[in-house]
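Shown next, in structure tokens, is the structure this report addresses.
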Amino acid sequence: MSRLLKGKVLGIGLVMPSFLTLLVLVAYPVMMSVRTSLQNRAGEWSWDNYRYIFTEPLISQNIRHTMFVTIISCFFVLIIAYGIALYLRFSTRFFSKLINKLYLIPMFIPGVIAVYGFINFYRNNGWVARLIGTDNMLPIIYHVRGLIMINVWFNIPFTTMLLLSALQGIPNSIIEGARDVGATKWQLFIRFILPLSYKTMLVAITFLFMGIIGSFTAPFLIDRNAPQMLGVSMQQHFSVFNEIGQSSSLAVFMFLLSSAVGCFYIWSNMKHSKKELS
Amino acid sequence: MSIQLSVEGLSKIYQTGEGVRDISIEVAKGELVTLLGPSGCGKTTVLRSVGGFVDPSEGIIRIGDRDVTNVVPEKRPSAMVFQSYNLWPHMTVYDNLAFSLKLKKKKKSFITERVDWALNLVHLTGSEKKYPSELSGGQQQRIALARALLLEPEVLLLDEPFSALDAKLRHELREELREIQAEQNLTMLFVTHDQEEALSISDRIVVMNRGKIEQVAQPYEIYHKPASLFVAQFIGRMNFIKGYAQPDGIRIDQLIFPNERGLIGEVAVGIRPEDVKLSEGKPSIEAKVAKIMMLGHYVEVTLHTIFGQLKMFIDKNEINTVELGRIVHVTLTRIQSFQDSNENYLERNEAYATI
Amino acid sequence: MSIQLSVEGLSKIYQTGEGVRDISIEVAKGELVTLLGPSGCGKTTVLRSVGGFVDPSEGIIRIGDRDVTNVVPEKRPSAMVFQSYNLWPHMTVYDNLAFSLKLKKKKKSFITERVDWALNLVHLTGSEKKYPSELSGGQQQRIALARALLLEPEVLLLDEPFSALDAKLRHELREELREIQAEQNLTMLFVTHDQEEALSISDRIVVMNRGKIEQVAQPYEIYHKPASLFVAQFIGRMNFIKGYAQPDGIRIDQLIFPNERGLIGEVAVGIRPEDVKLSEGKPSIEAKVAKIMMLGHYVEVTLHTIFGQLKMFIDKNEINTVELGRIVHVTLTRIQSFQDSNENYLERNEAYATI
Amino acid sequence: GEGEGANADGRTTISIYSTGSQNVEAYWETVIPMFEETQDEIEVNLVFIPSGTGGQSTMDRLIAAKQSNNDSGIDIYEGTLSDIIRSENEGGLFYQLDEEGIPNLSNIDESNLTGANNMAVPYRASSVVLAYNEDAVADVPDTAEELYQWIKDNPGRFAYNDPSTGGAGSSFVLTAVYNQLPDEAMNIQDESIMDDWAPGFALLRDLASSLYNDGIYPQKNQGTLDLLASSEVDMIPAWSDMALEQINTNMLPSSTKLKQINPAFTGGPSYLMIADNGVDERKQASEAFLDFVLTVEAQEVVIDQMYGYPGIRWDLLSEEDQERFSDVSDGYRIFNGGELSEELVKRWQREVAAQ
Amino acid sequence: MWFIKLIGKLKFTGFVCFFIFVIFFFGPLLNLLLLAFSGEWQYPDRLPSEWSLTWWTFVLQNDAIISSIWLSFLIATIVTLISLLICIPAAYAFARIQFPLRRFFLFSFLLTNAFPKMGLYVSIAVLFYQLNLMNTFVGIVLIHLINTLMYMTWIPSAAFENVHRSQEESARDVGASPLKVFWHITLPMAKPGIIVASVFTFLSSLNEAEGTFLVGIPDYRTMPVIMYSIIADYPSTAGSVFSVILTLPTILLLVAARKFVGAESFANGFKLK
Ligand SMILES: Nc1ncnc2c1ncn2[C@@H]1O[C@H](COP(=O)(O)OP(=O)(O)OP(=O)(O)O)[C@@H](O)[C@H]1O
Ligand SMILES: Nc1ncnc2c1ncn2[C@@H]1O[C@H](COP(=O)(O)OP(=O)(O)OP(=O)(O)O)[C@@H](O)[C@H]1O
Ligand SMILES: NCCCCNCCCN
Ligand SMILES: [Mg+2]
Ligand SMILES: [Mg+2]
């Protein structure tokens, strides 16, 4: 029994250094932010800030816009990353090998630089416009299209990596077994590959959602001025309008949204591991 | 009997240079042919070529009367059972079995009926709702077999289907497979590297080595008349000692055996352990009992002789006739002598003791 | 002989309620004792208790004269070889072997010498610089063995060390282990679920079932005088048919066997396949030859009788005496009858045919 | 480190936190050595924060230091009027300034000082002007009305930046709104005037569709300059000092010309404040430094190096300099609406950006 | 002609996909590279009309920029080492030890990761003033740690889980104490996962700007801090030169880490147990 107890104490002891760091550097400031969000300008407790963010039409628009961009971006990232992962998993062609070597690179490019390069590439007088002619060019920069594109650019490597590992985890004999009984490529995908990798997709969605919903640099430099992504709006309330409380309440709101998705992920993971146990 | 599967001049060379060369096999309807050979010899390559998962570099594959060499797997009238990860983990047993029928858009009632039939065949009635992870390894392989049978394949392909299971289960499933085969008159191509499995299950065995066929024959013949030193070594236990061949006979110590093939010079002499017998009479070989091992219904006795070590199998009831450390005399009732003739193949001389 | 390892009244109950109860085993110096039993019977639990990786709930473990029950693994004079994942993949063979000696701060020259010695013992001299991934499965297990031997353990513990290998390798390594044991006079506790392995390798076998010991005896005895129905079923092949016991004998059809134990009523009669013999005389049992399988040096014949199926082993040379579909007469030279006496244990009656 | 005013040798070190484009940094690198030459007691440490990431966070530090009752390490802070307002919200971060400490305050236009509640020294100024590509714009507007007309006549060729991200854009918004009101409205801080903003915002909404990309407002002052440089637009409001510097360094094409319209855009001073850290010595040293910055000698550097306007009265400058700036010397208006400027941006965000 | 043939051979669809892939992912980067070497590139020229190294000399002579690169790498190295030090024990505990609230601790790393960082900086600054951490190296390191805690516990934890227990047990069996087992066996075997996590930590530290700015000014200016201001203040040619210079080290890092950074060792970290 004492060995068990020792194990428990040791476990908690080992977690403490990083957990305390987390507590001090993140959890405590989070609590402070939550507190600020619950105080009005006079420093009294009140729901004013939340009332504001839920009644101000501008913020409602921003919330809708943020959800739109986040969901659409997640959608495209998933689709494209899934496509690339499938290609890398099942093709042994020359291009697949090359892409396999290249696809991680964007993950290593500092975010500011990527946005900068992106703007220069796609702006109305940018290189693409010069190559194909301005008239043939759809507006990309200062357009939600551009924002979604850069989100795709940023998130494809990470997502592809996750999905690829899930696909590589599907044994060949499962695929071949399915072909053997007569499944077409499409049926193979719908009935086997998809069901056997959707859990990893949930993981991917969680991280995509969290990353995109809180983003600042890309929407600030690429999106239209209104409606804004919540990250930009929060920054504006904080440093332009001097509305610290309102900006905190926006942060808390974004946190709750992300947490909801995070809990979904945790829940699906738990379900998964329970099934494995049985 | 009509030929159900024919592989003609199959070659498949991988980029590494390995692969199989010039493989020809015919399997008659209702026959079970086994591909046997050491790891890496190309068994799986041949099997997967038949299944359509490997594109042969050369050769023709026919199933029934049809040339399927260029047909995609999903269109081939074959079915495959793998060593493991056979079942689809996200589907219940029922769905695993019903899948191919659903693809064919069969009626629900028909599907249920067929699934029942298949489950009954593999003695797993009632497990429809289980997931593969809730089944033991042996049960999973049974379901995999059932799933393949539901395809009513013209040829059933099995790639070491039982090798991940433990000995007892392996025995059980082998027998079951044999029974089902007899019942359904299945044509099968079976891959294994386990010679005991091959001997016990096959109508004919194809022994492969390094991408080539060494011998095709019935189990008894493979065991008794191995076509090459390789086959002799690979199948069953075999003692090897040196002998000396002269026109008038092959000599091992005092023993002389007929030399019908007319081998000359030094030869490798193979003796099955059961062909080593205790003998009081002359001529005989003197040996010392070095080890006695009870292996169930028979006993393995290790003898030290001046030619080296000899293993002898005796009946468990005769265990009292040997005693550790004692000197005994043995004779060899049957030997096979091998000599290099060309590169790989060996001239073989079979001889019985002339008492 | 002196007792090198003694396990007394060992119990280990996991939270799930499973585990082992009241296990007592003694292993003499130089002896190889095998724990044999079906999956989940608790073999590994016992072995790991001896190695120090499981805290027993009750019981005492002594190695030599020392009570090691509460000693941590790194301080126990035992060494362990696992089924797989034995070696450390990030170290060369040399480093794998030298690790324990380095921990003991031995001199470099001494370490090299000992590693050489150990590699020589397992016939792998020259592979010092290789990484485990560059070795075959069998070679890896040999290195694992060498590593354990370098510890000069007072007891060597092996948990199914060969079960991940294929049949041929398994045979080879078993023999090698036996040789090394003889050379080094090792004391070993060996775990397997493969009865053939247990029979061939052990000085004594401990048969376990559901966390308890069923029988401890030498291989011959385990095979011939199984203490319980479970042991009889688990070890070797065995035909089971129903018999009827009366005070004057146990009756099977026309055959009557002595009933020395005085069993009464219905009994389970076990007959080894090699104890089923063709017989022209009377009394005999009528049977139809249903299947003939060549299994190398012997032949397995499946007979259908009115009591059910009987397997018979005959010598390969006698294969001509049976013919598929023919009616033959057989007699049973030796039977064992079992009857429930208490909960689990069975009264056993052994009887030879009285001709 | 920080927080210690007096060094061991009795000298006092103060830190000035300044922000802006590269020309501002160059300015301080010239002026600080000039100051340090005039005396021995004070050492000035420049902390220059390139614009873009935020002088904002310097304010955060001041506030955080105040909240936690710590020395921020910041003595002189270069900021804007809104920082003074924010400071008041936080309970006062800066010292009140007076001529006793800084005699040269008398060099400043009285109204500019009171606009800053005597908390800050306007040490340099610049104004927003029109910057345009003379190759593309034939009819350069002279008045605001003409400008608005030009925008409508040349859809897509004009851009102003998001007013929340840079002064050039906010000046455009501000003047568009206040051009519809009496002159003195710019000095009213009462919120009731917000009711009169409606016509101005109607104008801005009306213009939106004729702007770059149908109403895109790039981020930051540099954002619109980039558009002008890459010929995506032909005309923008820009800070005079930024535009002049970039023309001089060829970052803007030489075809770029500047022009002030009538009524003029707003412009305004950059303010220096003395942070209240509760250390008297450093307060005095800071006052000494500010006093020097307000000398004619230091102010001439503003004009010569920064393309900026002086913080002190024009009449104190040399004849030559007065001559040079004659056309723009009263070429901008100052907005003294206090917190109304935030309200203006909020309303712009709501009514123009989000229309 | 040979070109057409080649395309035919290499399968047209594959080629098209590859083409789109390359344009989309590398077009913007290639554009930066061109800009960095262009002297004059007026609209609507498709390529620069004049090449020049002006901005390269400007950048390479600017000590602040060069030293910011060194500083960034120094900080990233230290952050990586420290987060290894504090997170590896937790990763090990999550993988190997059953203790109360294990899941709570595990998920707290995820959830705190979900709070927008920008919403935290003021509170953090208040805290740092109280602790005298503003404008200190320690302060920067701590700020950078915020971003790395999760990856540094999760990914190595999965790596530890993949070390087979019998490999640890055989080490104890040959006489190694639990600590020695960890050091000589478990840790080296989990190395690939740990390296992947370290690479991510290193990168995220190299990328961190806002927090660094808040805590590090005036004395500590890292390369992304400088980069932000350059984007705001310089024409695109100059910005491109900076971009190229600042991207190079991370690309080198990728090449160096290529061996380890692959789908396999990485993704395991996100399968929670
Ligand atoms: N896809 C492949 N690419 C390159 N070489 C291959 C490939 N598949 C198999 N080989 C090589 O071809 C040879 C034959 O392989 P194959 O899998 O057919 O052997 P096998 O007899 O089934 O062996 P095992 O008993 O180990 O399954 C081997 O040397 C193997 O390394
Ligand atoms: N750590 C554990 N916690 C709970 N139950 C356990 C644990 N280890 C083993 N058991 C259970 O104890 C019983 C005995 O397990 P053990 O591993 O000793 O069996 P075994 O005879 O070695 O089986 P196998 O041949 O499959 O290795 C099994 O029912 C097993 O499920
Ligand atoms: N968007 C969530 C994915 C997080 C991966 N982080 C990698 C950082 C590399 N720049
Ligand atoms: Mg194979
Ligand atoms: Mg076990």
Side-chain angles (χ1 to χ4, degrees), chain A residues 7-8 10-12 14-15 17-19 21-22 25-30 32-33 87 93-95 98-99 104-106 108-114 116-118 120-121 125 127 130-131 153 161-162 164-166 168 203 210 214 216 231 234-235 247-248 251 254-255 258-259 262 266 269 273, chain E residues 10-11 14 18 21 25 27-29 31-32 35 43-46 86-87 89-90 92-93 97 99-100 105 107-112 114-116 118-120 123-124 127 142 145-146 149 153 203 206-207 224 227-228 231 236 239 243 246-247 250-251 253-254 261 263-264 266-267 270 272-273:
Chain A
K8 287 178 178 172
L10 178 68
I12 294 178
L14 290 176
V15 170
S18 56
F19 185 72
T21 313
L22 185 84
L25 291 181
V26 191
Y28 173 74
V30 165
M32 300 297 286
S33 268
Y87 184 61
R93 283 183 201 290
F94 173 73
F95 288 130
L98 209 59
I99 289 179
L104 280 179
I105 289 181
F108 286 73
I109 308 291
V112 213
I113 292 174
Y116 187 58
F118 209 77
N120 275 304
F121 192 55
N125 275 5
W127 201 22
R130 295 171 194 225
L131 290 174
W153 198 93
M161 200 156 157
L162 276 184
L164 180 58
S165 91
Q168 280 168 344
V203 177
M210 285 186 182
F216 171 75
M234 180 179 95
Q235 193 267 352
S247 120
S248 296
M254 288 157 70
F255 171 64
S258 293
S259 301
I266 291 169
N269 253 301
S273 55
Chain E
L10 292 177
K11 269 255 169 147
F18 181 72
F21 173 88
F25 281 102
L29 302 179
N31 189 14
L32 283 181
L35 273 171
Y43 181 79
D45 296 348
R46 293 184 173 182
I86 62 176
C87 293
Y92 183 80
I97 304 176
F99 55 93
F105 286 120
F107 294 142
S108 64
F109 285 91
L110 172 70
L111 289 185
T112 47
F115 201 93
M118 237 177 333
L120 294 183
S123 314
I124 291 178
L127 182 70
L142 288 178
L145 280 180
I146 292 177
L149 288 173
T153 43
L203 281 179
L206 276 188
N207 271 329
M227 184 68 205
Y228 264 105
I231 286 191
S236 40
S243 301
L246 301 189
T247 306
T250 53
I251 295 288
L253 187 64
L254 170 65
V261 184
E264 313 76 35
F266 180 75
F270 299 91
L272 302 177
K273 273 181 207 134

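Per chain, numbering begins at 1; letters A, B, ... match sequence-line order.
Interface summary for chain E: among G262(A), S33(A), G214(A), the most heavy-atom pairs under 4.5 angstrom belong to S33(A). Interface summary for chain E: among F118(A), F216(A), F19(A), the most heavy-atom pairs under 4.5 angstrom belong to F19(A). Contact tally against chain A (heavy-atom pairs below 4.5 Å) for I251(E), L35(E), D45(E): the top residue is D45(E). Annotation: maximal heavy-atom pairing with chain E below 4.5 Å, among G117(A), P17(A), S247(A), occurs at G117(A).
Contact annotation for L142(E): both backbone and side-chain heavy atoms come within less than 4.5 Å of a heavy atom of chain A. In this structure, chain A has heavy atoms under 4.5 Å from both the backbone and the side chain of F115(E). With a 4.5 angstrom heavy-atom cutoff, L149(E) touches chain A only via side-chain atoms. Contact annotation for T153(E): only side-chain heavy atoms (C-beta onward) come within less than 4.5 Å of a heavy atom of chain A. Using a 4.5 Å cut-off between heavy atoms, I97(E) contacts chain A through its side chain alone, with no backbone atom that close. Both the backbone and the side chain of S259(A) come within less than 4.5 Å of a heavy atom in chain E.
Residues R130(A) and R46(E) come closest through the heavy atom pair O-NE, 3.0 Å. Scanning both residues, A114(E) and S258(A), for their nearest heavy atoms gives CB-CB, 3.5 Å. For the residue pair S18(A) and F109(E), the shortest heavy atom distance occurs at OG-CZ, 3.5 Å.
Summarising the geometry, atom CG belonging to L29(E) is positioned 9.5 Å from atom CZ belonging to F121(A); distances are rounded to the nearest 0.5 Å. Taking CZ from F21(E) and CD1 from I99(A), the interatomic distance works out to 5.0 Å, rounded to the nearest 0.5 Å. Note: I109(A) CD1 to L203(E) CG = 10.0 Å, rounded to the nearest 0.5 Å.
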(request) Let me see the working for F99(E) and V15(A) under side chain to side chain contact (heavy atoms under 4.5 Å, CB included), right down to the final yes or no. (result) CA-CA 10 Å; F99(E) 55 93; V15(A) 170; 3.5 Å; yes
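Within the 4.5 Å cutoff, no side-chain heavy atoms of F25(E) are placed close to those of I105(A).
At distances below 3.5 Å, not a single donor-acceptor pair connects side-chain atoms of N31(E) with backbone N or O atoms of W127(A).
Evaluated for a side-chain contact (heavy atoms from CB on, under 4.5 Å) with V26(A), the options L120(E), L145(E), I124(E) yield exactly one hit, L120(E).
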